[in-house]
Every structure is written in C-alpha cells, then in structure tokens.
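Written below as structure tokens is the structure these notes are about.
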There are 2 protein chains.
Amino acid sequence: MPATYDNVVRVSGHAEAPRLAAKAPRIEMVAQLAGVSPITVSRALRQPEKLSEATRRKVLEAVERSGYESNPHARALRSGRSTLVAAFVSNILSQQFGLAIQGLAAELEPEGYELMIGQTSYSYAKEVAMVRSLRSLRPAAVMFTGVIELEENRQALRELGIPVVETWAFPRDPIDMLVGFSNVDAGAMAARHLIEKGYRRLTFIGRSGGRGALRLQGFREEAGRSGLTLARIVTVDEVQSIADGRTALTTLLAEGGPVDAAFCANDLLATGAVIEARARGLAVPSDLAILGFGDNDAAGEIAPGLTTISMDAHDLGRRAGELLRARLAGQEPQHAIQSLPLHLITRGST
Amino acid sequence: MPATYDNVVRVSGHAEAPRLAAKAPRIEMVAQLAGVSPITVSRALRQPEKLSEATRRKVLEAVERSGYESNPHARALRSGRSTLVAAFVSNILSQQFGLAIQGLAAELEPEGYELMIGQTSYSYAKEVAMVRSLRSLRPAAVMFTGVIELEENRQALRELGIPVVETWAFPRDPIDMLVGFSNVDAGAMAARHLIEKGYRRLTFIGRSGGRGALRLQGFREEAGRSGLTLARIVTVDEVQSIADGRTALTTLLAEGGPVDAAFCANDLLATGAVIEARARGLAVPSDLAILGFGDNDAAGEIAPGLTTISMDAHDLGRRAGELLRARLAGQEPQHAIQSLPLHLITRGST
DNA sequence: TTGTACGCGTTATCAC
DNA sequence: GTGATAACGCGTACAA
C-alpha cells in the first residue's frame, strides 16, 4: 500500500523569519549601509568596546537590517580561531551524555559557537581518527564526555593549543580542564550503601575497562574495608539497551552460587537487571537488591524504583561550557578542575 | 569530603596513533617536497583523474610523508564547499533521533564528512536561527529529523543550493530529498488495531502540532470510518521523559468519562501512561489499552509490554546518508523520495 | 576612535 | 597535464 501523504502545515510570516538574500551579505555591504569601513563593522561585532557609542549603534543597526552574519570560514582562516566546538561522546544514545551535551550547548550556542558532535563508540581507533581530524578542523575548543586514555591522543590534543575539557572521571593529570567526578568514590558509595543495608554477598555488573573498572575498584576496595570479598563479577561489552541488563543478570544467575546484591555500573544495566529478576520470580530487593548508576529517566519509574547514584549530567555539561567560554574569552577560569558531587537516590530496589 | 582520584589507565603505542607535527603542514610545503606546484597537490587530492599517474603518486606520497591535511576553512572559503554536514534534531535526547543520527554518521563519516548537530527544541525561533547560520557556514549538506514548516526557511534552504534531506513525515512537497513515513498512516494503523481489538472509546495523547497533529488526523479519520468519534484528546507540550506520560494519563483520567484505549503519539508518553495506569490500579489492557509509537528501548521491557508502531530509525538515517552521499558525489539518486514501512508490534498493552 | 594595507591557505580561472 | 595568478571574506598590524 502506498504511503498516504502528510499534509504538513506550512507556516509563513514568522516574526523572526529571515528575509535572506540569495547570497549572504558581506561585511563590505554592511559597511556601506552604515557609512563606515569594513573593519569598523568587524570591530562592532568582535570588540564593541573599541568603538564610540554612536558608531557602534549605527553599525549594529545596519547589521540587523541586512541580516548579516560573518562568514565563519573567513573568520577562522584569518584569525586562526573557529567558532566550532567539538564534543565527543562515547555513545550518542546515552541519556546522560545527551543531557551533558544539552548543558554544553546551552552555554555555548548563545555565544555564537557551533557544536560538532562525534561518537567514539568506546573505540580507540575512532578516537584516534577524530583527534586527527581535529588538527585540520581547528575547532575553538574540545569537550569529551570521558577522559582520553591514549597517550598519543593526549599529546596531540595538548599540541592543538586549544581549550580541552575532559569529564566523567577524576584523573590526577587531565589534559587541560576537567569537570568530573570520582568513579572510585561512586563504587565505594555503592558498596557502603549495600553493606549498611545488610547485604553481604555483593556482585558487580559492568564494562571491564574505563570507568567500569574504576567503579569496580572503588566497590571492591570499600567491600574489602568491611572484610568482604566480591561474590562475583560480570563483565559486559558495549551497553546499548535495557536488554543488555537482562542478559547480564541471566549470566550472573547462571553462574550459580548465592548472591544478595548487584551493583550495576549504569542504569541501563540496572533497569534490565530489575526487570529480568522480577521476570524470573525473584523479589527485588529481598531476593536480590539492585543498585544502579546515573539516574536515568526510567530508573524512577520501574517497580520497584531503582536505587541509584546520580550525578547532574546537565550541570556537568553546563560547567564544561562555562570553562570553555571563559578560556575562549581570554580569561583563566578560577576552577579549571572541578569534581561534581554524587548523590545516592534511595528507592525500592535496595 | 574531597573526591578520590581515579587512576585512569594510560595507554600508549596504539597502532593507528597519529604522529602529528606541532604545526599542520601547508600545501606549499607538500608541493616543495614533491617538486610540484601547490595547485598540483590540490588536484592530487580533489581531482586525481586530472593528473598523470606518476605525478599523482609522487604527490600523494609527499602528502603521506608530511601528514598533510588541507585546511577546511581555507577550502570552504575558496570553493564555497565544506565537509561539514549539518544535522538538526528536535531533541537530542530522543532515542529515535539518536538512532537516525547514528545511521547518518555511519554513511557519511567514512567519506570524510564531519557531522554538526543542532537541536531545534521544536522551536521556530531556533529553526530560523539555525537556517540563517547555515548560509554562511556553507555545509556540504543538511539533514533534518523532521520537515521544515516555515515557508521562509524552506525558501532559504532551497537557495543554499546544497542537498537537503527531510525525514520523519511524508509531505507532498519536500524541499529536496525525503526519507519519511506517513504519520497519517501511523495514526490510521493505530485506530484500526484498537478497533479490531474491540475498543470503542478511543483517546489520543500527543503534541498538538507537527507530527502529533498528523498522527491524530489519521487516528481520527480511521475511527470515523468505523463510525467512531474520539472520546477525548489530551495535548501535551514538549515531551522529555516518561514522567510526561504519567502526567498526561493523570490528565486524561481526571477529565472523567469512560475510556477504553489510548493512542500515545510516542513511546515515552505511552510508557509513562502504562506505568501510571498500573500505579492507579488499572489493569492494562483490560481497563485501559495503551498503544505507542516509536518502539523505544524500554517499550518491550515494561509489564505489560507496550504495543507500538515501529519504524527503523537507524535505517532512516542510513538512507538519508546514502542520498546525501550520492548527491555530493555528483550523482542523482534514483529514489530521492522514499517512504519507510511502519510495523505494528503487538505486545501486551492492547 | 577610525581607516589602510595586507595576508590567512586554498582553489577557480585561465594560460601554456 | 601542469602552472601562474588572483580571489574567497575576514581580521591583524599598523598608521592616522
């Protein structure tokens, strides 16, 4: 059956609608309109404080009237600085990363920066390719939802000479700026909570490398401080969906042996684990307690509600944007290394 | 308590790691290395067929040796073409849009295009601002997860003279290329399913404009063909989370009057509705049937599983990428207007 | 405070 | 098939 056409509503006469000339106006035309030289127009936009009040107003009005926007390529070529900010996420589908990008965009877009987004898919090879492309793209700044592990990439990023913000972890030696949190602390917080609640046979479900490994480390160490050894560890590859959490719990249970509680390195895994546990007739938390990380949208909605460790991802992105903005404005931010607090959100699953 | 440092593992010696010079080499240096003029280097990279075999090999070897990558800003300034592809999504947090972007990236990144992502937040004002910025950014192509409604923006996009793909609807008059599906058909499919199942007092929950209105139209028309009038319509503003679905169902129930089934314009709403219904002690589907759209990750995992209308968003993005690639390679794609099939996925909620 | 002259790195155009 | 020249649109450096 052929598709029915959608009669999409066409709207016209929007207040802010552009009346765009076929060709974008150039600085020269605006200058003529305002009766000044091109460089004065440039200054009105970049260094308005250097112009007299009268000139500035005259020029800005001409800019408004003509709908002028400077050509970012010409600007980048001449000044060596572009308005492109590159953001790299491990997985564009992650809700947490999405929130961080929204926070970043909220800070940077009003300043006239454009956001370029790349997905590294947790792959070194992709990370290498992207860092390489940065050299010729010459973005104004770079943000990663994560930290760079490859030494060569760290070096390459330093040599770019542009502001770099890493996030989502709290390493001793960030490349440049950092808005992170301690994954080791997150793991410890998880262990402490479960132990306080009386659980003793603890397990961990998460990726084997990167932040998963750090959360496991904190989890294991804190358990050790109470004289406990982890009952079991289930490692997973890339986590894309709730289904991966169901699979992971199946693996955990298939391995046999008694288990009280599972700390899942993210809420997608934890949500899947809760759903799978209940589907198998296990009571959560009395048969198996489940603790997540990240406070996803769905975490509070399932039954029982997922106890999880939360971090404000939107705020993380916003702060990263603040740091970049300051640097790009030529200031040195006061707190170039920040760690965000983690919060335990207690719901029914533990 | 101060944050504990994460001892992030540092990796070096990665096979593909870049050995980058501090300053990017320019075309002039490569030309000297190869003993040719700069324009010959340019041709070796852009129109290799115009050079003799020997010259081409000589130049490409020099490119390799120096690690040269052309400056995209200079290239864009001079040629009017960039390697940036702009993609606009209504909401970056949407799983469906994320999948489409992944599909698009999978097609375009291997070809050397960079993806720039903007979020319009369902706002005309933002759409206007973004379209305006495109004029000077001169992207190679543009993709929207949606169709452009503002006549002025449609005109502006046409005048850019670059390939444009619209998606997610099936209008009669796309700006340029289209990989869409019929939202009217989706609504009709929903009504047909619910009516076949025996439900008679049908309601709709969704946004009042755009695709929501189209799905409502199809839903209402198909109900009308069975002599049914919709029992109620609940309109919502921007949908960000499952919680919005819970709120919407609360509104629906508060308005009183008997209701058999609700068609929610997306799965976030539908998932929230199922959860809220059950929280209120309603049996799904016997007290209230709920049908969604989009087949989100969580849709199959809640209890009862959500019956929903699915469309392959990753495939949509991939096809959009294919169309753009063809156009950018100077070919005219055979199927510049495509509609994707919709599938009813029957689970327990209806 | 404003203007003039020039160059950023590349490619279009035309000549050989 | 290859090269010389100029130009893309802007902002730096310096002059007035």
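Every chain is numbered from 1, with letters handed out A, B, ... down the list of sequences.
- The rotation axes computed at either terminus of the helix from C:dT1-D:dA16 to C:dC16-D:dG1 lie 30° apart, taking five pairs at each end and rounding to 10 degrees.
- Against DNA chain C, the stretch residues 51-60 of chain B makes no heavy-atom approach under 4.0 Å.
- Side-chain contact check for B:Tyr113 and B:Glu107: no donor-acceptor pair (N or O, by modelled atom type) lies under 3.5 Å.
- For B:Arg10, the salt bridge (Lys or Arg N to Asp or Glu O under 4.0 Å) partners at least two apart in sequence or on another chain are A:Asp173.
- In this view, B:Phe88 and B:Phe144 satisfy the ring pair (Phe, Tyr, Trp, His ring centres under 6.0 Å) rule, not counting sequence neighbours.
- Taking only side-chain nitrogens and oxygens, A:Thr40 never comes nearer than 4.0 Å to OP1 or OP2 of C:dT2.
- Among all heavy-atom pairs drawn from B:Leu93 and A:Gln102, the shortest one is CD1-OE1, 3.6 Å.
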Per-nucleotide protein contact string for nucleotides 10-16 of chain C (B base, S sugar-phosphate only, - none; heavy atom under 4.0 Å) = BBB----

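- Of the charged side-chain nitrogens involved, none lies within less than 4.0 Å of a carboxylate oxygen, so that A:Asp312 and A:Arg318 do not count as a salt-bridged pair.
- Atom NZ in A:Lys50 sits about 14 Å away from atom C1' in C:dG3, given to the nearest Å.
- How far CG of B:Leu328 is from CG of B:Leu108: 7.5 Å, rounded to the nearest 0.5 Å.
- The local environment of CD in B:Gln334 is sparse, with at most 12 non-hydrogen atoms from other residues, nucleotides or ligands closer than 6.0 Å.
- Applying the salt bridge (charged side-chain N to carboxylate O under 4.0 Å, His left out) definition to pairs two or more places apart or across chains, none involves residues 28-51 of chain B.
- By the 4.0 Å N-to-carboxylate-O rule, A:Arg154 lies close enough to A:Glu151 to be salt-bridged with it.
- Using a cut-off of 4.0 Å between Lys/Arg side-chain N and Asp/Glu carboxylate O, A:Arg56 and A:Glu53 are scored as salt-bridged.
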